[in-house]
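The analysis underlying the following values was restricted to heavy atoms, covering all of them including side chains, and did not include hydrogens, waters or symmetry mates. None of the values given here were measured: they were computed from a predicted structure.
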Amino acid sequence: HPISKDTPPISKDTPPILDTPQDHKDDQNTQAPPPTAQAPPIAPLPPDPPLQHGPKTRDEALEERKRKQFPGQRAWPTLEDCTQTPPPRHILFTSTWLSVSAKGASVKEYVDLKSDVGNVTNLPHCNANFEKSKRTLDYLAGMESPPLTEYKAERGLQEVLCKIDGTYRTLDDMATRIHRALTMNSTSWVVTNLAALYWRVVGQGPPAVQCLKNALHYGPDNMRDVAYVSLANVLYRTGYEQDAAVVMQLSLEASPTLVVNHFTMANVLAAQGYLREAAGFYESTLHYQPEFEPAAERLRIARCLVVMSKAQSERSSNHGNGTNATNTTNTTRGSSQP
């Protein structure tokens with residue numbers, strides 16, 4: 001989809017810019033429909049539906065707590081719903097990016113987008129001239145250790161970078177412009193976040209992490225979530241899934257109403273198989289952006305996988321006990337949770 005003249009900001013009323021989940025099959029960004037003016041009012045808390053399958057597990061308790069925090073969301077699908085339209089077996093991780101414009105910053109004020117850069121390409125490396133600290137999250141393994149998995153280039157974000165002001169430029173052109181901006185101001189949180197975006201697009205995890213450490217070190221506290229979102233994406237793609245979840249928790253604490261924070265946390269959890277917890281964050285995403293269809297579809301997939309897994313476990317248990325009990329998950333829509 002074409003990007004407008006100014007990169008769409010991401011706030012509590014706008015969807016995150018995200019990469020396509022099919023391993024960049026079309027190298028396009030997926031965006032939600034136009035946002036609503038504001039989030040819907042929170043309805044009175046309904047009574048808890050009865051649980052029909054024994055004591056709550058830890059995941060069930062966490063999912064229910066999230067549901068209470070954001071009531072009025074979609075009902076659970078039944079087993080019949082899920083078997084008629086089978087979900088994919090896994091929820092693929094999809095890239096997200098929090099635009100600096102969402103924090104009130106203009107890229108044009110930090111990066112020269114007008115001058116001719118010629119045919120020379122300079123890469124936007126970030127140099128660390130500061131001590132390790134808690135602020136730069138050096139206590140996380142993924143911040144210092146080499147990648148555990150091969151980093152796939154996030155080509156779906158290329159248009160976001162190359163068309164940052166509405167005018168398309170080549171990737172090499174943007175690399176050189178960001179490099180020159182770093183030469184002029186190596187401590188700018190805006191420029192270092194853009195440099196990290198470049199390294200994400202070309203699939204280089206370590207230099208992306210270094211630039212994001214710079215952004216965290218030099219950036220104001222109220223701007224750190226821009227770096228957190230990118231860092232969570234990088235850590236997940238380099239094999240540090242738990243670190244990614246830790247970083248997204250920090251981002252949620254910094255900006256609890258940003259759609260991109262809830263959606264990214266949900267993706268991190270879902271891709272690891274924590275489906276109930278992920279469903280809770282897809283619900284909260286939809287609380288702030290009700291028409292964001294990628295979150296709605298992923299919520300359905302996560303819940304269907306839970307419903308079908310529960311049904312399979314009960315069939316296996318009944319078969320082992322020599323019984324032929326009727327599965328109880330196929331109940332009236334929304335009347336119970338598996």
Side-chain angles (χ1 to χ4, degrees), residues 7-21 23-24 29-32 35 39 62 66 69-70 90-103 137 140 142-143 151-152 154 156-157 160 193 196-197 199-201 205 208-209 212 215-216 223-289 292-299 301-302:
T7 301
I10 298 174
S11 66
K12 71 176 183 178
D13 296 320
T14 56
I17 297 175
L18 57 139
D19 202 358
T20 55
D23 290 332
H24 323 300
N29 291 330
T30 302
Q31 298 190 35
L62 288 172
K66 196 73 177 177
Q69 185 179 359
F70 299 98
H90 305 285
I91 297 179
L92 298 178
F93 184 77
T94 188
S95 301
T96 51
W97 153 255
L98 175 55
S99 170
V100 296
S101 64
K103 310 297 289 188
L137 309 183
L140 297 177
M143 300 299 287
Y151 196 116
K152 293 184 179 179
E154 300 179 69
L157 296 177
V160 176
N193 271 297
L197 178 58
W199 292 114
R200 290 178 61 187
V201 170
V209 169
L212 292 169
L216 290 172
M223 304 296 179
R224 290 159 64 83
D225 50 344
V226 177
Y228 284 147
V229 171
S230 272
L231 184 58
N233 279 265
V234 174
L235 289 172
Y236 184 89
R237 288 182 177 277
T238 53
Y240 295 94
E241 294 92 347
Q242 294 298 324
D243 287 355
V246 170
V247 173
M248 280 316 304
Q249 183 60 46
L250 294 173
S251 194
L252 282 162
E253 292 171 2
S255 297
T257 62
L258 279 181
V259 173
V260 67
N261 284 339
H262 292 264
F263 187 69
T264 303
M265 175 63 99
N267 291 337
V268 168
L269 294 171
Q272 296 180 75
Y274 299 116
L275 297 175
R276 283 187 175 274
E277 292 174 296
F281 282 102
Y282 286 130
E283 274 198 314
S284 56
T285 301
L286 292 166
H287 173 78
Y288 293 114
Q289 183 62 46
F292 188 30
E293 287 305 318
E297 177 60 19
R298 284 165 177 256
L299 174 62
I301 293 172

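- For the pair Val260 and Asp225, the minimum side-chain heavy-atom distance is 4.5 Å or more.
- The closest side-chain donor-acceptor pair between Ser251 and Asn261 falls under 3.5 angstrom.
- Across all non-hydrogen atoms, the minimal contact from Thr94 to Asn233 is O-OD1, 4.0 Å.
- Leu250 is not listed as a side-chain neighbour of Arg224, based on a closest heavy-atom distance of 4.5 Å or more.
- The two residues Ala279 and Ala302 come nearest to each other via the heavy atoms CB-CB, 4.4 Å.
- His262 places a side-chain N or O within 3.5 Å of a backbone atom of Pro256 that can act as its donor or acceptor partner.
- At least one side-chain heavy atom of Val268 sits less than 4.5 Å from a side-chain heavy atom of Phe93.
- In this structure, Glu293 CD and Arg298 CZ are separated by 13.0 Å, a value rounded to the nearest 0.5 Å.
- The two residues Gly205 and Val234 have their closest heavy-atom pair at O-CG1, 3.9 Å.
- Here Leu137 contributes atom CG and Tyr228 contributes atom OH; the two are 5.5 Å apart, rounded to the nearest 0.5 Å.
- Counting only distance, with no hydrogens or angles, the side chain of Asp243 and the backbone of Leu140 share no donor-acceptor pair below 3.5 Å.
- Counting all heavy atoms, side chain and backbone alike, Phe292 lies closest to Val259 at CD2-CG1, 4.3 Å.
- The shortest non-hydrogen separation linking Leu216 to Ala227 is CD2-CB, 3.7 Å.
- In this structure a side-chain-to-backbone donor-acceptor pair under 3.5 Å is present from Thr285 to Phe263.
- Smallest separation of non-hydrogen atoms from Arg200 and Ser230: NH1-OG, 2.9 Å.
- Taking NE2 of His287 as the start and OG1 of Thr257 as the end, the distance is 9.5 Å to the nearest 0.5 Å.
- To the nearest 0.5 Å, atom OH of residue Tyr274 and atom CD1 of residue Ile91 are 14.5 Å apart.
- Without hydrogens or angle criteria, Gln249 side chain to Ala245 main chain gives no donor-acceptor distance under 3.5 Å.
- Once rounded to the nearest 0.5 Å, the distance linking CG of Leu258 with OH of Tyr288 reads 9.5 Å.
- Note that the CE atom of Met248 and the OH atom of Tyr236 stand 14.0 Å from one another [nearest 0.5 Å].
- Contact of the Ile301 side chain with the Glu297 side chain is registered, since non-hydrogen atoms from C-beta on lie closer than 4.5 Å.
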